[in-house]
Amino acid sequence: MKQNFKSVKEKMNKLFQKFAPVKEKAEVFLSKLPKRKPHSEKYYKRIAFFNKYSLIFHFILACFITFTVEVISRRDFFSAVSFVGNHTWAYLYNAFIVFASLSIVYLFKTRAQLRVLITGLWIFLGTVNGIILSNRVTPFSYTDFKMLPDLFAMQNTNYFTAEEATVVVAVVASFIIFLVLFFIKGPKYQGKRHVVLSPLAIVALLVVGIPITTQAAQSSNIIASYFANIAQGYSDYGFVYGFSTSVVGRGMNKPDDYSKETIDAIETLVDSSKEETTVSAGKEPNIICILLESFIDPYDVNFLQMSEDPIPTFHSLEQNFTTGYLTVPVVGAGTANTEFEVLTGMSMQYFGTGEYPYKTILKQSDCPSVESIASDLSSIGYGTHVVHNNTATFYSRNNAFSKMGFDTFTSKELMNITEYTPSGSWPTDKVLVNETVKAMDATENQSDFVYTITVGSHGDYPAEKIIENPEITVTGAADEASNNQWEYYVNMIHNTDNFIANLIDAVNRRGEDTIIVMFGDHLPTMGLEDSDMKSGDIFKTKYATWNNFGLPKQDADLTAYQLLAHITGQMGIHEGTMFTYTQTQADSSTYQNGLDNLQYDLLYGERYAYNGEDLYPATDLVMDVEDVNVTSVRKNVLNNTLAVYGSNFTKNAKIFVNGEKVPTTYLTSGILTTSLDNVSDGDVISVSITGSQGIILRASNDEVIYEDPDVITTETEEPTEVNETESSETENSETANSETTNTQENN
């Protein structure tokens, strides 16, 4: 324990040493300031009094910090007062956590400075939470730190406005400057320090006191150990506890009865009632699973009235095919967690607060893969694909889909998207019809599982009216701003409904047996409460299906992790550990306990269900289903450009010269250009589709050697797919067009 204290102290000292240059400059600056007068005797008596009763004052300070954080987080003083009055013991427990963090100051002489630092950190976290809650339903948690690269990669939409970000940066910078000066010139503790007793007491408080107090508070129902609704959990039990839980409560807790014997017993139980897969090999029906972003039936919102039915296709499917309510793990945000449940058959309820498995366990090197519907269907001959009109790396999906065993992934970067929502924030879902069919067409003589993710109905929904003549008018919301948001949202899901109809038509024309399963991932970010919903539950969305091979209608209300087990079971497909468990044990009284054990075994345990082996290794995920080709290059002296000809270029296609990316202008799916200043005679020219942070998603299969006609008299190869006159006109006109500024990217 003493060694641990020394280690912590050494790390803190190293941290302070990094600020040594700043400290020296500050000391020079401060030395030029007028000298302070000596403190009076009363001052020293006051300091002695505060030091003597510092523990009491620390707890008072902790209560103040906790209340301030709640005011900022809730963005309302009276709401914070209500929390203190209605959840007094929870408030005091939050204050106890802050008090424990403040106790660290007793290890150092710069106690006053560290008190300011710790206070500032808590208030900063509360401020971030308040800002985030003004833009989404889900509060700030530890996992959000892992999401920062994704948030910065998102275009046209942010959790922070430019003004908010500027204020935050300015305040943080000012606080850091103040803190540096305060550490240099501020008071230092002059009394006796207990070099052994103090560290032991602090370690005991942090390692023993907090866990015991937490257990007692949970046993007394003062706080909860699991938040079914993270937003409600933060509201009922306080930000400090909620955020702290998200830090220490990540991953899964080992079930009390977890053992090889338990897993073997579960496997035996499943095997005794498991049915054999009955679909004919080579003739399995195609399965398309569609995540409908923020999709709900607007008629399920009690106070809304629409001028006409905005989702007639979805309602028709409900009347004629299998449907029901779907209980999802998130509200207003957290798409990836609903997605995780649907694809793996695992439940988020066994994870810690604010967990995103895509960003945690699936990114750990000791988790080589996770069994999913993709790996299960691959084992019986299916080709497996993902199609999504958002970036490949958001939620680390490119990594997650590889770990889940998918074959291909067509993301936004690999599509030529031309239509965006009226707010300009997101691509419309129209492009997904062709991309989904294209994925299926790419595998000849093979059945397909395609997981398609929409984005057109994603928030934020503008409070001002931006659709002048909406197809669907909406009334019933509390005020004009809310009504504008609802009207925008309803018209976006009306477009989603059109996408569903168009996809069904396109799939039906292919003439292959196919089932489509579609579901809403969570409610939209509109501040809905249980009482606002006909279902009485803000965690319920809907799912619907369609098929063209006579599968009977078998309605059922399900959880997200049961959805595909239910559908594949109806089809006669009984594959996979988690899915067959749900198919055989969903009605059992021990279902949840077995689900917890199996899930822990496969993700964190010894994999007894696989006999300790990795039965479903991660795949070498291929981005897109079409090759990027380079056929020829041509020099254009008039525009000082080199045109690269080929096929399947997108706006994220970049020209590479000798393996180095150069500034590129996208003209068409068959033509890219770059400045002649970037190439020389004999250079190797290739093309790659790139994603965020410049990662290469798909590289061209071929490359071309540039032969400068001014150096070598041999003419370059004529473009194979572009008429010479047309290409020259395209280069001369389109390169000079203002669109160039919008499509050109530099390193």
Side-chain angles (χ1 to χ4, degrees), residues 225-226 249-277 329 337 339-352 355-380 382 384 399-406 559-566 568-569 573-619:
S225 59
Y226 170 71
R250 290 174 288 128
M252 287 181 63
N253 291 325
K254 182 179 178 180
D256 293 337
D257 57 343
Y258 174 70
S259 65
K260 186 177 187 307
E261 291 72 25
T262 299
I263 300 301
D264 287 344
I266 294 171
E267 293 280 278
T268 301
L269 196 62
V270 171
D271 290 341
S272 66
S273 51
K274 176 183 174 183
E275 299 178 40
E276 294 298 320
T277 295
N337 283 350
E339 180 173 287
F340 176 81
E341 287 201 346
V342 169
L343 295 179
T344 64
M346 297 182 183
S347 172
M348 286 301 306
Q349 68 181 299
Y350 303 117
F351 285 93
E355 180 91 357
Y356 283 91
Y358 278 14
K359 303 293 291 185
T360 52
I361 183 63
L362 291 190
K363 294 202 77 173
Q364 294 178 12
S365 58
D366 58 351
C367 179
S369 63
V370 58
E371 184 182 341
S372 74
I373 190 66
S375 53
D376 291 340
L377 292 177
S378 292
S379 68
I380 58 172
Y382 276 79
T384 56
N399 170 74
F401 293 147
S402 170
K403 292 288 183 72
M404 290 182 177
F406 281 95
T559 61
Y561 55 86
Q562 294 172 330
L563 177 61
L564 290 182
H566 181 71
T568 55
I573 297 175
H574 307 285
E575 301 291 332
T577 306
M578 300 305 299
F579 293 102
T580 54
Y581 176 75
T582 290
Q583 287 172 354
T584 60
Q585 305 301 313
D587 295 328
S588 167
S589 60
T590 59
Y591 173 61
Q592 290 297 334
N593 178 262
L595 190 70
D596 187 10
N597 270 280
L598 275 180
Q599 188 169 314
Y600 179 85
D601 183 56
L602 299 185
L603 291 178
Y604 297 91
E606 302 299 324
R607 294 199 164 191
Y608 295 129
Y610 297 164
N611 294 318
E613 300 177 14
D614 183 17
L615 298 183
Y616 300 92
T619 54

With side chains defined as the heavy atoms from C-beta onward, is the minimum distance between [X] and [Y] less than 4.5 Å?
X      : Y      : answer
Thr360 : Phe351 : no
Tyr356 : Lys363 : no
Met346 : Val370 : yes
Tyr600 : Lys254 : yes
Tyr258 : Ile263 : yes
Gln585 : Leu595 : no
Leu602 : Tyr616 : no
Thr619 : Met404 : no

Near Asn593 CG, under 6.0 Å, is it more than 12 heavy atoms from other residues, nucleotides or ligands?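 Counting neighbours around CG of Asn593, more than 12 heavy atoms of other residues, nucleotides or ligands fall under 6.0 Å, so yes.
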Dump the intermediate steps for side-chain contact (heavy atoms from CB on, under 4.5 Å) on Gln583 and Thr568, then the final yes or no. CA-CA 9 Å; Gln583 287 172 354; Thr568 55; 3.2 Å; yes
So which atom in [X] and which in [Y] form the shortest heavy-atom distance, rounded to 0.1 Å?
X      : Y      : answer
Lys403 : Leu362 : NZ-O, 2.7 Å
Thr584 : Ser273 : CB-OG, 3.5 Å
Leu598 : Met578 : CB-SD, 3.9 Å
Thr577 : Glu371 : N-OE2, 2.6 Å
Thr384 : Ser378 : CG2-OG, 3.5 Å
Met348 : Glu341 : N-OE2, 2.7 Å

Between [X] and [Y]: side-chain donor-acceptor atoms closer than 3.5 Å:
X      : Y      : value
Ser347 : Gln599 : no
Glu575 : Thr277 : yes
Tyr350 : Gln592 : yes
Ser259 : Thr262 : yes

Closer than 3.5 angstrom, by distance alone: can the side chain of Gln562 be matched with the main-chain N or O of Thr559 as a donor-acceptor pair?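 Confirmed, Gln562 side chain pairs with Thr559 backbone.
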Can a donor-acceptor pair be found, under 3.5 Å and without considering hydrogens, that links the side chain of Ser379 to the backbone of Asp376?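 Between the backbone of Asp376 and the side chain of Ser379 there is a qualifying donor-acceptor contact (under 3.5 Å).
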Contacts of Tyr581 that satisfy ring pair (Phe, Tyr, Trp, His ring centres under 6.0 Å) - sequence neighbours left out: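 Ring pair (Phe, Tyr, Trp, His ring centres under 6.0 Å) list for Tyr581, sorted by chain: Tyr591.
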Could you measure the distance from the [atom1] atom of [X] to the [atom2] atom of [Y]? Nearest 0.5 Å is fine.
X      : Y      : atom1 : atom2 : result
Leu269 : Ser272 : CG    : OG    : 5.0 Å
Tyr604 : Ile361 : OH    : CD1   : 4.5 Å
Ile266 : Tyr608 : CD1   : OH    : 12.5 Å
Asp256 : Asn597 : CG    : CG    : 9.5 Å

Salt bridge (charged side-chain N to carboxylate O under 4.0 Å, His left out) partners for Lys260, two or more places apart: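 Salt bridge (charged side-chain N to carboxylate O under 4.0 Å, His left out) list for Lys260, sorted by chain: Asp264.
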How would you list, by chain and number, every residue that makes a salt bridge (charged side-chain N to carboxylate O under 4.0 Å, His left out) with Glu267, sequence neighbours excluded?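 With neighbours one apart ignored, the set is empty.
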Go through the steps to decide whether Phe401 and Leu343 satisfy the test side-chain contact (heavy atoms from CB on, under 4.5 Å), and finish with yes or no. CA-CA 10 Å; Phe401 293 147; Leu343 295 179; 4.1 Å; yes
